[in-house]
**Q** 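Below you will find the structure I want to go over with you.
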Amino acid sequence: MSDATAYVLLEDGARFDGLACGADELAVGEIVFTTSMSGYQEAMSDPSYAGQLITFTYPQIGNYGVCEEAMESDRIHARAAIMRAAVDREDAPSAEGGWLSWLRDCGVPAITDLDTRALVRHIRDAGAMRGGVFPARVSEAQARQLIAAEPAMTGRDLAIDVTPKAVLTLAGAGDGPTVAMIDTGVKLSIIANLRARGATVELHPCTASPDELLAGDPDAIFLANGPGDPAALDYIVATVRELVGTKPVYGICLGHQLLCRAVGLETYKLPFGHHGANHPVKDLTTGRTEITSQNHGFAVLGPGGAKTIDSDEPVRWETDFGAAELTHINLYDRTVEGLTLRDVPGATVQYHPEAGPGPHDSLYLFDRFIADIVQSAGADCVGESPRGRFAGGGAHA
Amino acid sequence: MPKRTDIEKILLVGSGPIVIGQAAEFDYSGTQACRVLMEEGYTVVLVNSNPATIMTDPEVATTTYIEPLLPGTLARVIEKERPDALLPTLGGQTALNLAKALHENGTLAKYGVELIGADYDAIDRAEDRDRFRATMAEAGLRTPESVIATNLDDAHRAARELGLPMIIRPAFTLGGTGGGVVTRAQDIDTMVSRGLEASPIHQVLLEQSVLGWGEFELEVMRDHTDNVVIVCSIENLDPMGVHTGDSVCVAPQQTLTDKLYQQLRDQAITVIRAVGVETGGSNVQFAVNPATEEIMVIEMNPRVSRSSALASKATGFPIAKIAARLAVGYTLQEIPNDITRATPASFEPAIDYCVVKWPRFAFEKFPGAESGLTTHMKSVGEAMSIGRTFKQAFAKALRSRELDTTTVSPAGEDELLALVAAPGPERFDHLLEALRRGTPIDTVHARTSIDPWFLRELAELVESAGADSIANSPGGEFTGERTFKSVDTCAAEFAASTPYYYSSYERAGASTSEIERGEKRSVVILGSGPNRIGQGIEFDYCCVHAAETVRAQGRDAVMINCNPETVSTDYDTSDRLYFEPLTLEHVLAVCEAENATAPLEGVIVQFGGQTPLKLAAGLHEAGIPILGTGIEAIDLAEDRGRFGALLHELGYQAPPYATARSAQEAMARAPEVGFPLLVRPSYVLGGRAMEIVYSLDGLQDYLDRVGARDGREIFLDLFLEDSIEVDVDALCDADKNVWIAGIMQHVEEAGIHSGDSACVLPPHSLGEDMLQQIRQQTIGIAQALGVVGLLNVQFAIHGQGGLHVIEANPRASRTVPFVSKAIGLPLAKLACRIMLGERLDELNLPADTTNGHVCVKEVVLPFDRFAGADSLLGPEMRSTGEVMGIAHDFPTAFAKAQAAAGLRLPTEGTVFLTVTDGDKQGATLIATTLHDLGFKIIATRGTAQSLRRSGIPAQPINKIGEGSPHVVDYIERGEVALVINTPVGTGARADGYEIRAAAIAHRIPCITTMAGGVAAARAIAVAAREGPPDVLSLQELYAH
Ligand SMILES: Nc1ncnc2c1ncn2[C@@H]1O[C@H](COP(=O)(O)OP(=O)(O)O)[C@@H](O)[C@H]1O
Ligand SMILES: Nc1ncnc2c1ncn2[C@@H]1O[C@H](COP(=O)(O)OP(=O)(O)O)[C@@H](O)[C@H]1O
Ligand SMILES: [Mg+2]
Ligand SMILES: [Mg+2]
């Protein structure tokens, strides 16, 4: 329509018009969509979205403004917000600012009044792809060039852009274990959940060596969430490989993928990723289904290199470090959502037990995690017991 | 775990007649449950007293009992059927209360019936307000401070502790019956007494007020392995203090941060676990203080509810269907999501649109009643709309209401703001007007506590609409292209295979319609919109039958409706469901979309009551074929003058009438017609403002009150006093063959709206000659009108004058489901086949539909909801629902129907009679019967004298004016078991008012017509002789 002031262009040429509503800039990257109905600020500030433009499938965005408390990092990482009906309001008692004002202040472009459902259906069918948000003054030809110049997500190291420059130690609320974290772009909710349970968290740059990570004699290594393709992070994988078996290793999201690669498993790119707050994940050790927060574009291959697993059994398969046991499976598309290493201490989940945003069904994993570290810190770290149970439930405890 | 194999036969209990607070949503949930259980191979025994339901169709369950929903009846069904399990969570509060009673009286234990879905303890923990409060405290959740009261002393103590305002919440009631907000100390006694009276256990919770906090609801589902999902969140625009059923609501919630929403989610899960609902759906209500972020749990309903129906329609997640599967042992993961077919039901729907629900009120029917909205529900129906944005959904909801009245806002700012501040049925209309006039958001927020987010959206909506009213012209928000999008439970993350659509406006260009249809011709069925008095579930029943028939006849059935409570808006009912307002604009848009790739055969307007009929002419003009009876015939039947001429031509009698276009003319013409007169203005629909006047003075008074509008007609009909009213439903095909499906004789005389009177099929006191005349005239009218499909004719048989035609409706009538159940033939389906081209002789119909049993329809009236309104019946319909009694004789069927309607005829005790002079003779008859049965008779002086003259020892008592102890004192002391009070003329009407009000308040049957009294006496006599009647299933009856 003639009043359009901005548009979204995809690398396959599909175009969707709307109204510019953020900073007067353009943004190019991978266009993904999230189906979460709340938590827009958390999403934009989640480092895992680095390099991506977020399409919000829920139309009304910005309703309750923004506030410091909802930040998942110190800044916005997503490159743009694509919306159907964005507002800039500050009426909510918790609001410290308006959503669109904040985006503008942060220099982040945004587009609203766009048929996000049409865009999402396009991505669902064609897969997540590169694209951009462009002010109307940018010609389509120019936009096409910019998109073509943008590197593809596959093979991309984005962790290096979001990792801290130096080690930062954050004491926990109590005298819990110490966790050395490879910070590939960790969400504040993960840190908050660890600290709330007494853990002291050391955040390391993702380039940290094994020795640097072990310098403070941590009780466990934690692999954080983060953006980009795990296959492009061989230097982290190599580091983790050295640590597996010496300390319990745990991972969330990108961290999950990195640990899996470290023990010799493969990752692959999902057609359009999982981004939302409603995916059912089954804990195979308890049979319980959790509603989970999800945000990832890559996944780990299961036994025999299969992308999906049909059975609801805790199947085991061989890794370079002994057996891995499937502990969590996504009931939407039956992809791997979590596993435990049986012969060395270590466990991971693909989804986000820390929520932020999303349901709290999986917060208990942090309790298990802390309990496990405390237990292994007291025991010898070799042999059958105790296992990394972060994802493994209590079935064999 | 797969389904249970240790149970085989399951008893399901419906919710009975439609009443305020318990409506068509339980037909939707019950039907889904029956179908699922049948599909799973269980034997399903269903009990429900409401014939106008799809669930009581004989194919929906294995065995169907249309019987009163009373513990005794249920016990007899259990004794006869020996079910293994009872599923009580799908029939509203009624079923839950019955299950509780059957547990408490030992019936379940005696026959080894297991409660599935929710056990006794869980029901009790949720429903007993005191236990609930304790359970919440134990689980670490907050509830408002409260005091349990069982008497007035408790209440006064509570008021001192809690302060005023204080909220009254009776235990075990539905729709907040008996509840309210006490703001003044002098109201404590009356209001608390009312609450205690309403509670079956005589208990109320008196609670600290959180008026003005935000009100939120979460729909929760749990399976027996303790997996829990939240299906939907619902936010009320009206803050705490207005019952959720009366609030304008939006789904999903709009104003809570993720952090706060997740807290509600956590708490809802804690609640369902703490209460211990092991499987199925529950509704949890919260109050949230947005400023302090405090959360209080208000209540939980351990069953499917009105809100769960709304949540199902809003998300595409069929809560009742899944609840039924969970109850027989499945887990959420084992149940597929119908809509995607690829994913399981163990997920939470993601929505990419907004849903707005709007309550439909009927205060205009209850003059004198307080129209303020409070904590007990008063709305009679609801409309839901879906839009891509809140503004679109809100504007669509405004249009979905189909109001008969237009809101006139006062010119003065203070008056306007006062109306905005006080919750009432037109509050949002006034609010929009205030915004239009530029009232600042802060001012409106300060006066209403409505969240500013909504107010800003509404202000923008008003602004975009410009000078037009939002309801008429959608305004700026709606520029762009209309496109149809799907409701898919997953925000397009997966492809949807269930076609459930809504229209929305999107920027032109990229948007493509999501409608997927094959090559079949489609038939569009127009639903009946929000339930209201006069147009309720009966029409939805017909629409569902139409859809089933269209599908069976090899076409695609396309449903358009906006009522979330109904079976018609279940996506399983049609091939394609369009959740849209029933306006010409929206219907034409659907027709166009349907016609885009394959042919549209036509539109069916006969089944949705007046709503689609009103659209017929517009559709016709737009070139859309109307299937069945054409618009010419519709006009002929609806136009007073043309229809009168037609009757005249046919030589049929009709009451003499005149029309006037001014008050003056009415006064002048009235004497030509004669008195008594039935007066009604043509511009008010649905029998509204219809009254009987006995003199010119009376007419003048009426005209002064109701007012004559310039140029609009006022109808004056001679009122045929003391006539028997008869209703006929018939079918007519394109070759003018006519088949009479059923003749119903009303129990109450003409003058009581056909929708408010009890009726009997077959007629119990009409001679064969009269029946023959009725048949002939029905046939004559059907042929002369050119009906193709259904026709309903109403007659009055007037003493010497004989048969008179009152009106003819060329569409499905309210009685179609009742007649269908009574004769065992699906009238609406048959009509639909005729409309699709078949002839009567192809349908193999029996010439005679009587079949050895008698069916009585009785109605339920909502007077207990409208304190202040007179409960007297008249020509204006006011009932909300109906029940059916089936037996081998009239008195038994009548007694069953009375019991089902909640008026249990007594078997002993005292009867109070007060009748007009004209009725004194009839009263003697009644009194004799009752006296012989051992009843004590008390009566007002005149009636007592006349009874004593006939040898009946009647004790005279005082009228109210004659001082205490008077009749109301007797009623209030619980000393009266039955009231028979016939009022005629204006004087007695005013006098009887208090008596009727007292009877209603104390739930004593109160009969206001002689005919009703006679029937009641006969029924009591039969019951005394034969004891409780047998329970009869439809399948047994039809087998004969
Ligand atoms: N403590 C309270 N303060 C203010 N309003 C209340 C309070 N408790 C209930 N309400 C209001 O009363 C309505 C009806 O109460 P509820 O217990 O939900 O009755 P019902 O069982 O009929 O649903 C609620 O929807 C809410 O708006
Ligand atoms: N002339 C009349 N004499 C007696 N009763 C009448 C007469 N006309 C209508 N009624 C009564 O009024 C009721 C409502 O009138 P009707 O014309 O059927 O209105 P509606 O269109 O609301 O059904 C009827 O059911 C009947 O009981
Ligand atoms: Mg409630
Ligand atoms: Mg009528």
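Fair warning: this is a prediction, and the values are worked out from it, not measured in the lab.
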**Q** I need the residue from B/Ala492, B/Pro252, B/Ala350, B/Pro452 with the largest number of non-hydrogen atom pairs under 4.5 Å to chain A.
**A** B/Ala492
**Q** Can you confirm whether more than 12 heavy atoms, excluding those of B/Glu278, are under 6.0 Å from its CD atom?
**A** no
**Q** Begin from the C-alpha positions of B/Glu457 and A/Arg89 and carry the test salt bridge (charged side-chain N to carboxylate O under 4.0 Å, His left out) through to its verdict.
**A** CA-CA 11 Å; B/Glu457 290 289 304; A/Arg89 307 237 176 103; 2.7 Å; yes
**Q** Hey, what do you get for CG (A/Asp333) to CZ (B/Phe494), rounding to the nearest 0.5 Å?
**A** 6.0 Å
**Q** Would A/Arg117 and B/Asp352 count as a salt bridge (charged side-chain N to carboxylate O under 4.0 Å, His left out) here? Give the steps.
**A** CA-CA 8 Å; A/Arg117 185 170 165 93; B/Asp352 61 358; 2.9 Å; yes
**Q** If you count heavy-atom pairs under 4.5 Å with chain B, which of A/Thr292, A/Val281, A/Asp361 comes out on top?
**A** A/Asp361
**Q** Could you check whether any side-chain heavy atom of B/Asp258 comes within less than 4.5 Å of a side-chain heavy atom of A/Glu42, counting everything from C-beta outward?
**A** yes
**Q** Tell me every residue that passes salt bridge (Lys or Arg N to Asp or Glu O under 4.0 Å) with B/Glu463, counting only those two or more places apart in sequence or in another chain.
**A** none
**Q** Where on B/Ser346 is there a heavy atom nearer than 4.5 Å to chain A: the side chain, the backbone, both, or neither?
**A** both
**Q** Only pairs of heavy atoms separated by less than 4.5 Å count here; which of B/Cys354, B/Ser486, B/Ser233, B/Ser504 has the most with chain A?
**A** B/Ser486
**Q** Could you tell me whether the side chain of A/Pro280 reaches within less than 4.5 Å of the side chain of B/Gln333, counting heavy atoms only?
**A** no
**Q** Would you mind checking which part of B/Ile269 comes under 4.5 Å of any heavy atom in chain A, side chain (CB onward), backbone (N, CA, C, O), both or neither?
**A** side chain
**Q** Looking only at heavy atoms, which of residues 53-61 of chain A get nearer than 4.5 Å to chain B?
**A** A/Thr57, A/Tyr58, A/Pro59, A/Gln60
**Q** Restricting to non-hydrogen atoms, name the atom on A/Pro93 and the atom on B/Pro290 that form the minimum distance, rounded to 0.1 Å.
**A** CG-O, 3.2 Å
**Q** If you count heavy-atom pairs under 4.5 Å with chain A, which of B/Glu293, B/Arg456, B/Gln263 comes out on top?
**A** B/Arg456
**Q** For B/Asp488, which atoms come within 4.5 Å of any heavy atom of chain A: side chain, backbone, both, or neither?
**A** side chain
**Q** Using the side-chain contact (heavy atoms from CB on, under 4.5 Å) rule, take B/Glu506 and A/Arg84 through it: C-alpha gap first, then chi angles, then the decisive distance, then the call.
**A** CA-CA 9 Å; B/Glu506 295 285 357; A/Arg84 174 65 183 82; 2.9 Å; yes
**Q** Let's test your reading of the structure: which of A/Val120, A/Thr35, A/Leu331 forms the most heavy-atom pairs below 4.5 Å with chain B?
**A** A/Leu331
**Q** Name the one of A/His274, A/Arg124, A/His279 that satisfies side chain to side chain donor-acceptor pair (under 3.5 Å) with B/Glu493?
**A** A/His279
**Q** Please state whether the side chain, the backbone, both or neither of A/Thr116 comes within less than 4.5 Å of a heavy atom of chain B.
**A** both
**Q** Using a heavy-atom cutoff of under 4.5 Å, enumerate the residues of residues 338-345 of chain B that contact chain A, numbered in order, or state 'none'.
**A** B/Ala342, B/Thr343, B/Pro344
**Q** Is chain B contacted by the side chain of A/Glu290, its backbone, both, or neither, given a heavy-atom distance below 4.5 Å?
**A** neither
**Q** Check whether B/Arg507 reaches the backbone of A/Asp113 with its side chain - one donor and one acceptor, N or O, closer than 3.5 Å.
**A** yes
**Q** Which residue out of A/Asn63, A/Asp91, A/Asn278 racks up the most heavy-atom pairs below 4.5 Å with chain B?
**A** A/Asn63
**Q** Mind checking salt bridge (Lys or Arg N to Asp or Glu O under 4.0 Å) for A/Glu69 and listing every partner two or more places apart, or none if nothing turns up?
**A** B/Lys259
**Q** Let's test your reading of the structure: which of B/Asp266, B/Val228, B/Thr255 forms the most heavy-atom pairs below 4.5 Å with chain A?
**A** B/Asp266
**Q** Check each atom of B/Tyr353 against the heavy atoms of chain A and say whether the ones under 4.5 Å are side chain, backbone, both or neither.
**A** backbone
**Q** Measure A/Asp312 against the heavy atoms of chain B and call it side chain, backbone, both or neither at under 4.5 Å.
**A** side chain
**Q** Under a 4.5 Å heavy-atom cut-off, does chain A meet the side chain of B/Asp226, its backbone, both or neither?
**A** both
**Q** Report which part of A/Tyr40 has an atom under 4.5 Å of a heavy atom belonging to chain B: side chain, backbone, both, or neither.
**A** neither
**Q** Does CD in A/Glu96 sit with more than 12 non-hydrogen atoms of other residues, nucleotides or ligands closer than 6.0 Å?
**A** yes
**Q** Under a 4.5 Å cut-off applied to non-hydrogen side-chain atoms, are A/Asp115 and B/Arg388 in contact?
**A** yes
**Q** B/Trp453 vs A/Tyr64, test: side-chain contact (heavy atoms from CB on, under 4.5 Å). Steps then yes/no.
**A** CA-CA 8 Å; B/Trp453 187 84; A/Tyr64 46 81; over 6 Å; no
